[in-house]
Amino acid sequence: MKVIILAAGRGSRLGERTKDRPKCMCTLQGKTLLERCLETLAEAGVSRADTGIVTGYRSDMFTQEGVTYFHNANWEQTNMFMSLTMAKEWLEAEPCIVCYSDIVFSAKAFRALMDCPVPLAITSYSGYWELWEKRMGNPLEDLETFRTDGKGNLLEIGKKPSSRSDIHGQFMGLLRFTPESWAWVEGTIRHPLPKTVEKLDMTTLLEGMIQMGYPIRAISTDDLWLECDSQQDILAYEKLFAKELG
C-alpha cells in the first residue's frame, strides 16, 4: 500500500512561521510536522519506498531520501484536491492512504485505516469537542458537520452545524482510496459541485460523493490527533500536550 502526503501548501495562517518554509516544515516541540508524520508512518510499517510527497510552496526544502516526489506547480491557485491529482498514477494502480502533512496522529489509527476492507474509508476523531474548546472559545464557530449512521457510514460532512448533535466526530485528514473508489472520485467531479475542481477541498469532494450515493466508511478513534492550523494552535499544543508529543 502506498501513502501520499499532501504538503503543497504554505499555511498562511501560521504567519511568520511559514514566511520562508512550507507549513509542514514548522516545528512542534522540536520536530517538524513532516518529521512527525514520517515517524508515525514508519511505526505503522510504511517504508519510504511506498511514500510519496506532493510538494508546492518551497519544494526546494524537501530533502527526505527514499520517497517519491510529486509537484503541484500551480499550488498557489489550487486547493488540496488538485495537489492529490499529481499522484494520480498511484491512485489508479493500487490502494493508497492520503495523509495531510499538518496533523499529528497515531500509528494505531493509521493501521486501522490500512486494514479497512472497504473501497473508501476515512478516520474521525472522537475527542474533537474537548480539543476545539482548547483551541477557541466557541467550537461551533469552526467545526463542521460530520454525521454517521450506526454502522459507521458517513452521511454528511463539511457543512455548518446548527448544534453539537450534527457532529459525531471530526475528519482527521486521513483517507484510504482504492482504484475502485478513485474511479468514484473521477465520476463525482464530472458533476456540478459547490466549488470548481481547481478550488476543490477534500470535505467538499467527500460530501459530493455522498450525494452521488458512494459509500464512505468512517473509522472513529480516540487516540490523540492534532490539527496545526495557526500559531495559537502550536503554542497551545506545546503547553497542553508536552508529554504526549515527547
Side-chain angles (χ1 to χ4, degrees), residues 4-13 23-24 54 56-57 70 72 74-88 90-92 96-103 105 113 118-125 128 132 136 139-149 152-178 180-220 225 227-230:
I4 302 166
I5 302 172
L6 300 178
R10 175 179 177 177
S12 58
R13 282 186 289 179
K23 187 177 186 181
C24 66
V54 183
Y57 175 62
F70 304 95
N72 180 5
N74 200 29
W75 65 270
E76 204 165 6
Q77 283 75 43
T78 59
N79 210 327
M80 199 163 290
F81 175 72
M82 286 304 294
S83 290
L84 180 57
T85 63
M86 300 300 109
K88 182 178 178 180
W90 278 18
L91 291 153
E92 291 177 335
C96 296
I97 290 182
V98 178
C99 176
Y100 290 10
S101 62
D102 61 351
I103 59 174
F105 57 97
L113 192 57
V118 302
L120 176 53
I122 66 176
T123 56
S124 68
Y125 183 50
Y128 69 93
W132 255 254
M136 56 197 63
L140 285 177
E141 291 181 356
D142 185 72
L143 285 166
E144 298 180 333
T145 59
F146 190 99
R147 296 191 303 107
T148 58
D149 64 16
N153 297 305
L154 189 62
L155 301 177
E156 181 182 286
I157 187 172
K159 297 181 180 180
K160 183 69 176 175
S162 58
S163 69
R164 186 174 173 179
S165 63
D166 292 330
I167 314 169
H168 303 166
Q170 201 61 199
F171 175 53
M172 294 169 55
L174 291 169
L175 314 86
R176 180 182 180 273
F177 290 103
T178 63
E180 179 184 1
S181 58
W182 184 251
W184 298 350
V185 170
E186 294 183 325
T188 299
I189 63 175
R190 295 190 189 104
H191 293 77
L193 293 169
K195 297 180 181 179
T196 65
V197 171
E198 291 75 19
K199 297 297 184 181
L200 191 59
D201 57 81
M202 214 61 71
T203 54
T204 302
L205 171 65
L206 292 173
E207 177 63 19
M209 296 180 75
I210 293 169
Q211 296 304 315
M212 290 284 293
Y214 294 121
I216 303 172
R217 180 71 54 80
I219 303 169
S220 180
W225 169 78
E227 175 187 55
C228 301
D229 262 352
S230 67

Just how far is it from atom [atom1] of [X] to atom [atom2] of [Y], taken to the nearest 0.5 Å?
X    : Y    : atom1 : atom2 : answer
L154 : R147 : CG    : CZ    : 9.0 Å
L200 : M202 : CG    : CE    : 8.0 Å
L91  : C96  : CG    : SG    : 4.5 Å
L174 : I103 : CG    : CD1   : 4.0 Å
F81  : T196 : CZ    : OG1   : 11.0 Å
I210 : I216 : CD1   : CD1   : 4.5 Å

- Can you name the side-chain hydrogen bond (donor to acceptor under 3.5 Å, both in side chains) partners of W132, sequence neighbours left out?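 side-chain hydrogen bond (donor to acceptor under 3.5 Å, both in side chains) check on W132 returns D142.
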- Item | salt bridge (charged side-chain N to carboxylate O under 4.0 Å, His left out): pairs with one or both residues in residues 163-177, sequence neighbours excluded |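 Listed once each, the pairs would be none.
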With sequence neighbours excluded, give me every salt bridge (charged side-chain N to carboxylate O under 4.0 Å, His left out) pair touching residues 201-216.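 For residues 201-216: K159-E207, K195-D201.
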Contacts of Y128 that satisfy ring pair (Phe, Tyr, Trp, His ring centres under 6.0 Å) - sequence neighbours left out
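Y128: no ring pair (Phe, Tyr, Trp, His ring centres under 6.0 Å) contacts found.
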Check: With a 4.5 Å heavy-atom cut-off, do E186 and K88 have their side chains touching?
Finding: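 Yes, their side chains come closer than 4.5 Å.
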Would a 4.5 Å heavy-atom cut-off, applied to side chains only, mark M82 and V197 as touching?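 In short, these two side chains touch, coming nearer than 4.5 Å.
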_Evaluation steps, side-chain contact (heavy atoms from CB on, under 4.5 Å), between N72 and N74_ = CA-CA 5 Å; N72 180 5; N74 200 29; 3.8 Å; yes
Taking the six-membered ring for Trp, are W184 and Y214 parallel (under 30°), tilted (30 to 60°) or perpendicular (over 60°)?
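Rings of W184 and Y214: parallel, as their planes differ by under 30°.
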So, [X] side chain and [Y] main chain: donor-acceptor pair closer than 3.5 Å or not?
X    : Y    : result
W225 : M172 : yes
K160 : E141 : yes
S101 : L6   : yes

Check your understanding: Looking only at heavy atoms, what is the nearest atom pair of I219 and A121, with distance?
Key ->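 For I219 and A121, the tightest heavy-atom pair comes out as CD1-CB, 4.4 Å.
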Minimum-distance pair of heavy atoms, taken over all atoms of I157 and T203 =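 So the two residues come closest at CG2-O, 3.7 Å.
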message = Please evaluate residues F171 and Y100 with respect to the criterion ring-ring contact (aromatic ring centres under 6.0 Å, His included), reporting the C-alpha separation (whole Å), side-chain torsions for both, the decisive distance (0.1 Å), and the verdict.
response = CA-CA 11 Å; F171 175 53; Y100 290 10; 5.8 Å; yes
Checklist line | Set of residues satisfying side-chain contact (heavy atoms from CB on, under 4.5 Å) with respect to Y57, sequence neighbours excluded | finding: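 So Y57 forms a side-chain contact (heavy atoms from CB on, under 4.5 Å) with R10, P22, W75.
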Results of side-chain contact (heavy atoms from CB on, under 4.5 Å) for A218 - residues two or more places apart only: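 Per chain and number, A218 pairs via side-chain contact (heavy atoms from CB on, under 4.5 Å) with I122, F146, T148.
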Query - Residues K23, D229; criterion side-chain contact (heavy atoms from CB on, under 4.5 Å); working and verdict - result: CA-CA 9 Å; K23 187 177 186 181; D229 262 352; 3.1 Å; yes
**Prompt:** N79 and T204: side-chain contact (heavy atoms from CB on, under 4.5 Å), yes or no, with the steps?
**Reply:** CA-CA 11 Å; N79 210 327; T204 302; over 6 Å; no
- Item | Evaluation steps, side-chain contact (heavy atoms from CB on, under 4.5 Å), between V185 and M209 | CA-CA 7 Å; V185 170; M209 296 180 75; 3.7 Å; yes
